[in-house]
Amino acid sequence: MSAKEDCIFCKIIAGEIPSFKLYEDDATLAFMDINPASDGHALVIPKEHTKDVHAVSEQAIANTVITAKKIASAVEKTVAPGGINLVQCNGEAAGQSVFHFHMHVLPRRDGDQLKMNWGLKPGDMDAIGTLAEKIKGNL
Ligand code: AMP
Ligand code: ZN
């Protein structure tokens with residue numbers, strides 16, 4: 001489905017690189033962010049490759065938001081954060097680093113001081129995998 005050869009998220013969709021997959025349907029895929037800004041940080045992508053909010057189709061963005069709602073509920077049950085941001089970045093100045101449209105499901109805590117451009121710091125893969133299993137159990 002319209003994959004772009006050099007796109008890391010298209011490779012995740014194709015199963016060419018590994019991911020901690022949470023949920024998949026015909027139009028979307030959800031998986032754990034491997035540089036989590038907080039415990040339970042997940043990503044939701046449309047399977048159709050487009051780079052940003054300007055390019056994504058109305059159907060693809062709608063499907064992505066519907067899946068993000070599902071994932072947000074499971075993340076809420078799993079890590080019981082103080083809150084959750086659904087964040088979506090367009091362009092480098094806005095902090096976009098992967099140019100395949102995506103939505104962050106980002107658990108927040110009181111006083112976590114998280115900045116909009118939070119930076120990428122590799123997480124503990126065992127801990128991310130364990131959380132992924134727990135979130136899937138709450139879907
Ligand atoms: P953005 O900065 O909004 O473009 O977000 C891209 C996100 O993708 C970042 O939070 C990265 O940590 C995340 N990311 C990049 N590569 C991978 C990967 N292979 N698996 C999971 N998350 C990734
Ligand atoms: Zn892509």
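Note that ligands are numbered from 1 as they come in the structure, with each ligand's atoms numbered from 1 the same way.
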Can you pull out the closest protein heavy atom to [atom]? Residue, atom name and distance to 0.1 Å, please.
atom: atom 16 (N) of ligand 1; result: I8 CD1, 4.1 Å
atom: atom 9 (C) of ligand 1; result: D33 OD2, 3.3 Å
atom: atom 1 (P) of ligand 1; result: H102 NE2, 3.1 Å
atom: atom 4 (O) of ligand 1; result: S97 N, 2.6 Å
atom: atom 15 (C) of ligand 1; result: V98 CG2, 4.0 Å

Inset, instruction - Find, among atoms of H100 that are N, O or S, the one nearest to the Zn ion (ligand 2), and state its name. - result: ND1
Inset, instruction - Kindly give the atom name of the N, O or S atom of H49 closest to the Zn ion (ligand 2). - result: ND1
Atoms of ligand 1 close to [X] [distance to a heavy atom under 4.0 angstrom, numbered from 1]:
X: C89; result: 3 (O)
X: L120; result: 9 (C), 10 (O), 11 (C), 12 (O)
X: I12; result: 18 (C), 19 (N), 20 (N)
X: H104; result: 1 (P), 3 (O), 5 (O), 7 (C), 10 (O)
X: L43; result: 8 (O), 13 (C), 22 (N)

Inset, instruction - Take N35 and W118, measure what side chain to side chain contact (heavy atoms under 4.5 Å, CB included) needs, and give me the verdict at the end. - result: CA-CA 10 Å; N35 307 290; W118 51 78; over 6 Å; no
Legend entry - Pair K47 + E24: basic N to acidic O under 4.0 Å: yes
When you compare the side chain of [Y] with that of [X], does any pair of heavy atoms fall below 4.5 Å?
X: L139; Y: I71; result: yes
X: M32; Y: S19; result: no
X: I45; Y: F101; result: no

Inset, instruction - Scan L29, D33, V98, L106 and name whichever one has a side chain to side chain contact (heavy atoms under 4.5 Å, CB included) with L43. - result: D33
Legend entry - Exercise: identify the closest heavy-atom pair between M103 and A68: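 Heavy atoms of M103 and A68 come nearest at SD-CB, 3.8 Å.
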Inset, instruction - List the steps and the verdict of side chain to side chain contact (heavy atoms under 4.5 Å, CB included) for Q88 and N90. - result: CA-CA 7 Å; Q88 196 279 311; N90 304 284; 2.8 Å; yes
Inset, instruction - Check the pair V44, Y23 against side chain to side chain contact (heavy atoms under 4.5 Å, CB included), reporting the backbone distance first and the verdict last. - result: CA-CA 9 Å; V44 183; Y23 171 82; over 6 Å; no
Inset, instruction - Angle at the Zn ion (ligand 2): provide the value between SG of C7 and SG of C10, rounding to 10 degrees. - result: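 My answer is 120°, to the nearest 10°.
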Legend entry - H41 N/O under 3.5 Å from ligand 1 N/O: no
Inset, instruction - Flag W118 as yes when one of its N or O atoms lies below 3.5 Å from any N or O atom of ligand 1, and as no otherwise. - result: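 Between W118 and ligand 1 (N or O atoms, distance only) the closest approach is not under 3.5 Å.
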Legend entry - Heavy-atom nearest option to atom 8 (O) of ligand 1, drawn from F9, F99, F31, F101: F9
Inset, instruction - Compare I34, D52, N90, N117 and give the one whose heavy atom is closest to atom 17 (C) of ligand 1. - result: I34
Inset, instruction - Would you please say whether a donor-acceptor pair under 3.5 Å links the side chains of T28 and N63? - result: no
May I ask whether [X] places a heavy atom under 4.0 Å from ligand 1?
X: M32; value: yes
X: F20; value: no
X: G95; value: yes
X: V87; value: no

Inset, instruction - Answer yes or no: is there a donor N or O on one side and an acceptor on the other, between the side chain of D112 and the main chain of R109, under 3.5 Å? - result: yes
Legend entry - Trace of the side chain to side chain contact (heavy atoms under 4.5 Å, CB included) decision for S38 with L114: CA-CA 9 Å; S38 60; L114 197 65; 5.6 Å; no
Legend entry - Ring centers of H102, H104 separated by less than 6.0 Å: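 Yes, the ring of H102 comes within the 6.0 Å limit of the ring of H104, centre to centre.
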